[in-house]
Amino acid sequence: MIDSRSRPKPMTALKPEVSARSFSTLVDRIPPSGIRRFFDLVLGAEDVISLGVGEPDFVTPWHIRAEAIDAIDKGVTSYTSNSGLLELRQQIAIYIHAQSGAIYDPNTEVIVTNGVSEAVDIVFRTLLNPGDEVILPEPAYVCYAPLIQIAGGVVVPFDTSATAFIPDPESIRSRITPKTKALVICSPSNPTGRTIPKSTMDELVAIAEATGIWIISDEIYSELAYDMPFTSVGAYPQLKDRSVILNGFSKSYAMTGWRLGYLCGPDSIVGRALKIHQYSALCASIVSQLAAVEALANGGVAVEEMRRSYHQRRNLFTAGLQEIGLPTHTADGAFYCFPQISHLGVSSEAFAMGLLERERVAVVPGNVFGLGGEGFVRCCYATRLDQLKEALVRMGRYVSYLKEAQR
Ligand code: PLP
């Protein structure tokens, strides 16, 4: 009989422990998304009005869904070419040309991606060598900084709050070094709703031309511009060999769940980005791509209706915020506004947590969007009018409570 005390120890006991050293330090340094953290807090909570997540409150228009149903019904379930269905790339090239006058060859200058999210990722991974700098006007959408870092780049953020959240060309010029590779812009902006005026775009393009840096332009909200007309980087043919347009279907066509976006750029970057896309994603879903062909071909009326509805809600909500004592810069586009809360004597996090706990309204603290965001909160007004009105009542009560507490 074998004495159990003399048995060899199980192998697992000899295995080295899984520790932080087992993982990428780059990834470990990156915080999880601050928007998601608030979203998770709200999930399952009752009676909460969420102005938190940046998502259309429309479902995808029926004629687009019908196209996808038809594709599934007919058994169209294969891969597509890595860069996406040629028919879709052709439609994208036509759309971008109509929007900005830019000419992109659908064969070599367009890639269909899994949302703009993937397009941002592969653009940075295509452009950046370790230590390359990317200038990022902040507050900014939360994915840019982490994806620049994961690609080995260095984020050079700068605070745009002193210029009403419009990136000031001089601040950009002064940050350009021999290591600067690119400038990222997002207009209309998440989180501020601000749109870069054409005169500023002219200056940004002139800086890029003079210094040889790239402009990466996230134009996902281009269809949602109300006061200030949207200017695409595609409107500047002189910068075509150093600019990339990122756009997609999530916001303008209410297609967040379909995961479809695209990038347009010169073949120098597109050919290289395609290598990453083909190995890491292979292609976007064929069903989503067929739906997107229909969206671009016949979705104009639905887009216009949604834009009108957001515009109406923007007017109501921003006027309401001013009335309750939360000043806001004009939210020219997208479906966000970014009211100031710093005069109430609390941080953005404390304001958002207190509002959620006391009044059951969810907003996102501005500090999660980087420099210049502290002292503000992001409100997404893509929510029913009656909910927006109720949110304003609750927020007004909360503002009064904070003012009282300050006395
Ligand atoms: N870019 C901006 C500015 C966004 O606000 C978002 C989503 O909120 C994205 C990109 C990601 O979009 P997609 O759903 O196409 O991945």
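Note: hydrogens, waters and symmetry copies are ignored here, and every other heavy atom, side chains too, is used. In listed order, ligands and their atoms are each counted from 1.
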Asks: Does a donor on one side chain and an acceptor on the other come within less than 3.5 Å for Gln340 and Thr328?
Replies: no
Asks: Using a 3.5 Å cut-off on N/O to N/O, what pairs does ligand 1 make with the protein? A line per pair would be great.
Replies:
unit_1   : atom_1 : unit_2 : atom_2 : d
ligand 1 : 1 (N)  : Asp218 : OD2    : 2.6
ligand 1 : 5 (O)  : Asn190 : ND2    : 2.7
ligand 1 : 5 (O)  : Tyr221 : OH     : 2.7
ligand 1 : 8 (O)  : Lys251 : NZ     : 2.6
ligand 1 : 14 (O) : Ser250 : OG     : 2.6
ligand 1 : 14 (O) : Arg259 : NH1    : 2.9
ligand 1 : 15 (O) : Val116 : N      : 2.7
ligand 1 : 15 (O) : Ser250 : OG     : 3.3
ligand 1 : 16 (O) : Val116 : N      : 3.3
ligand 1 : 16 (O) : Ser117 : N      : 3.0
ligand 1 : 16 (O) : Ser117 : OG     : 2.5
ligand 1 : 16 (O) : Arg259 : NH2    : 2.7

Asks: Indicate the ring-plane relationship of Tyr253 and Phe249, choosing parallel, tilted or perpendicular according to the 30° and 60° boundaries.
Replies: tilted
Asks: Using the ring pair (Phe, Tyr, Trp, His ring centres under 6.0 Å) rule, pick out the option among Phe351, Tyr336, Phe369, Phe165 that qualifies with Phe376.
Replies: Phe165
Asks: Report yes if some heavy atom in the side chain of Phe158 is under 4.5 Å from a heavy atom in the side chain of Leu136; otherwise report no.
Replies: no
Asks: List the steps and the verdict of ring-ring contact (aromatic ring centres under 6.0 Å, His included) for Tyr310 and Phe335.
Replies: CA-CA 7 Å; Tyr310 293 134; Phe335 35 54; 5.2 Å; yes
Asks: What distance do Glu109 atom CD and Ile92 atom CD1 have between them, rounded to the nearest 0.5 Å?
Replies: 13.0 Å
